[in-house]
Amino acid sequence: MNKEKDLIILTSLVAIGVLVLGAVVSLLQSIQILPILILGIIFLVLILLQIYPKFNHITENLEKIVFFIVLGCIVISFIYLYNAI
């Protein structure tokens with residue numbers, strides 16, 4: 001993924017969008033979304049580190065782990081926020 005800098009830029013923009021959306025939701029509605037914001041920051045850092053060849057393999061493996069953690073947090077957040085009263 002070292003030569004695909006345009007893909008890195010686009011995925012970084014997606015991660016920035018997750019950060020902005022997570023921050024807005026955390027501030028306006030509920031602080032329960034804060035873990036998604038924190039994991040989004042970690043995800044953005046891992047994406048940006050893929051530019052360097054030394055970190056490329058390490059960040060790809062860590063990115064997969066963090067992706068599933070973020071996905072799990074999103075699922076748990078939706079279940080917790082929209083449960084029946």
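Please read all numbers here as calculations on a predicted model, not as lab measurements.
Neither Val24 nor Val14 shares a network with the other; the hydrophobic side chains, linked directly or stepwise wherever heavy atoms of I, L, V, M, F, W or Y lie under 4.5 Å apart, form separate groups for each. Under the 4.5 Å side-chain heavy-atom criterion for Ile, Leu, Val, Met, Phe, Trp and Tyr, Ile76 and Ile69 are members of distinct hydrophobic clusters. Residues Phe78 and Leu81 share a hydrophobic cluster, clusters being chains of Ile/Leu/Val/Met/Phe/Trp/Tyr side chains in contact below 4.5 Å.
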